[in-house]
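Counting begins at 1 with the first residue of the sequence.
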Amino acid sequence: MNALLDGLYLALVSIDMTYQDFVPFNVNALLDGLYLALVSIDMTYQDLVPFNVNVLLDGLYLALVSIEEGSLPCTADNTKKKMRWAINVFRKWQLERNELAKRDENISCIAPDIEEMTKDELCYSLSRFVCEVIKENGEDYPGQTLYEILINIQMHFEQKGKCYKF
């Protein structure tokens with residue numbers, strides 16, 4: 001039952017549905033949809049029958065209310081620090097590259113701030129970033145560190161509502 005509620009909850013969240021969106025739905029239509037979902041995962045209607053529909057709907061209501069109240073888990077402080085660090089490493093590289101571009105016409109400038117880049121600009125900039133970024137002491141970043149930087153930049157954008165996968 002928990003897996004069923006989790007699946008329904010995730011489905012509603014993925015389409016930005018709230019309890020107010022849910023209320024006008026026909027309960028029979030909801031149950032028909034649940035039945036079809038259960039059949040698709042080899043669960044039968046008999047597996048569902050022992051469950052009280054009102055309990056199911058109450059659980060769904062509580063899950064949706066928790067979204068509206070912002071009681072979903074927040075990002076850990078350490079993760080926030082890593083995201084800020086990754087964005088700062090990118091911005092520092094961007095400034096250095098733009099300074100170099102002023103002196104060398106063969107190097108293109110990375111103009112917009114990372115927050116304002118389109119997906120295409122971001123993908124291009126990140127590809128250049130991975131090839132060119134170095135530590136402050138002049139050494140290359142290890143591959144795992146570059147990967148972590150990219151993942152943290154990606155998480156930063158996800159928190160802003162932009163789900164870029166790169």
Side-chain angles (χ1 to χ4, degrees), residues 2-22 25 33-34 36-43 59-166:
N2 287 338
L4 176 65
L5 282 176
D6 289 346
L8 187 56
Y9 169 74
L10 290 174
L12 293 173
V13 169
S14 71
I15 58 171
D16 294 321
M17 191 173 193
T18 64
Y19 180 68
Q20 286 73 25
D21 298 323
F22 180 74
F25 283 8
L34 281 174
L36 292 174
L38 293 172
V39 169
S40 72
I41 59 171
D42 295 329
M43 191 174 180
L60 181 58
Y61 168 74
L62 291 174
L64 293 171
V65 167
S66 71
I67 294 171
E68 291 174 359
E69 293 175 355
S71 64
L72 293 175
C74 60
T75 306
D77 288 341
N78 202 26
T79 303
K80 289 178 185 177
K81 287 178 187 174
K82 286 181 181 180
M83 288 188 294
R84 279 193 304 271
W85 172 75
I87 294 294
N88 288 337
V89 169
F90 180 87
R91 285 187 173 141
K92 184 177 183 294
W93 165 81
Q94 183 180 18
L95 287 172
E96 290 171 358
R97 180 183 171 95
N98 289 343
E99 284 298 317
L100 190 58
K102 290 177 185 175
R103 294 178 295 210
D104 186 345
E105 63 186 44
N106 294 325
I107 297 177
S108 61
C109 189
I110 307 292
D113 182 64
I114 189 168
E115 302 289 340
E116 299 167 6
M117 289 182 184
T118 65
K119 185 176 180 178
D120 290 338
E121 290 171 329
L122 185 61
C123 286
Y124 172 77
S125 298
L126 288 173
S127 69
R128 300 303 332 137
F129 170 77
V130 168
C131 293
E132 299 172 5
V133 70
I134 55 173
K135 294 180 184 181
E136 288 184 18
N137 64 6
E139 294 178 12
D140 290 337
Y141 280 102
Q144 182 64 32
T145 304
L146 288 172
Y147 174 75
E148 289 175 14
I149 291 170
L150 292 177
I151 292 301
N152 280 291
I153 290 173
Q154 185 172 314
M155 288 187 339
H156 169 80
F157 280 106
E158 286 174 1
Q159 289 219 327
K160 303 244 181 228
K162 298 177 182 178
C163 293
Y164 297 149
K165 301 293 182 195
F166 36 82

Does the Lys162 side chain pair with the main chain of His156, one donor and one acceptor, at a distance under 3.5 Å? no

Checking Arg84 now: which residues fulfil side-chain hydrogen bond (donor to acceptor under 3.5 Å, both in side chains) with it, not counting sequence neighbours? none

Would you say NZ of Lys135 has more than 12 non-hydrogen atoms from neighbouring residues, nucleotides or ligands within 6.0 angstrom? yes

Rounded to the nearest 0.5 Å, how far does CG of Leu146 lie from CD1 of Ile151? 12.0 Å

Over all heavy atoms of both residues, which pair between Lys160 and Glu115 is shortest? Give the atoms and the distance, please. CE-OE1, 3.5 Å

Heavy-atom closest contact (Ile87 atom, Ile114 atom, distance): CD1-CD1, 4.0 Å

Tell me, do Val130 and Ile149 make a side-chain contact under 4.5 Å, heavy atoms counted? no

Once side-chain hydrogen bond (donor to acceptor under 3.5 Å, both in side chains) is applied, do any residues pair with Asp113, and if so which ones, sequence neighbours excluded? Arg91

Closest non-hydrogen atoms of Met117 and Pro112, given as atom of the first, atom of the second and distance, are CE-O, 3.3 Å

Give me the atom names and distance for the closest heavy-atom approach of Ile107 to Ala101. O-CB, 3.4 Å

Consider side-chain contact (heavy atoms from CB on, under 4.5 Å). Of Glu158, Gln159, Gln154, which one does Met83 pass it with? Gln159

Between Lys92 and Glu96, does at least one N-O distance fall below 4.0 Å, as a salt bridge requires? yes

Look up atom OG1 in Thr79 and atom CE in Met155, then write down how far apart they are to the nearest 0.5 Å. 5.0 Å

Hey, what do you get for OG (Ser125) to CD (Glu132), rounding to the nearest 0.5 Å? 10.0 Å

Measuring only between side-chain heavy atoms, which start at C-beta, is Phe129 closer than 4.5 Å to Arg97? no

Could you tell me if the side chain of Tyr141 sits less than 4.5 Å from the side chain of Val133, heavy atoms only? yes

Qualifying residues under ring pair (Phe, Tyr, Trp, His ring centres under 6.0 Å), relative to Phe157, sequence neighbours excluded: Tyr164

Can you tell me if Asp140 uses its side chain to pair, donor with acceptor, with the backbone of Ile134 under 3.5 Å? no

Quick one: side-chain hydrogen bond (donor to acceptor under 3.5 Å, both in side chains) partners of Lys102, sequence neighbours excluded? Glu99

Within the 3.5 Å criterion, strictly below it, is a donor on Tyr124 or Ser108 matched to an acceptor on the partner's side chain? yes

Go through the structure and list residues passing side-chain hydrogen bond (donor to acceptor under 3.5 Å, both in side chains) with Gln144, not counting sequence neighbours. Glu148

Could you pull out all residues at least two apart from Glu105 that satisfy side-chain contact (heavy atoms from CB on, under 4.5 Å)? none

With side chains defined as the heavy atoms from C-beta onward, is the minimum distance between Phe90 and Ile153 less than 4.5 Å? yes

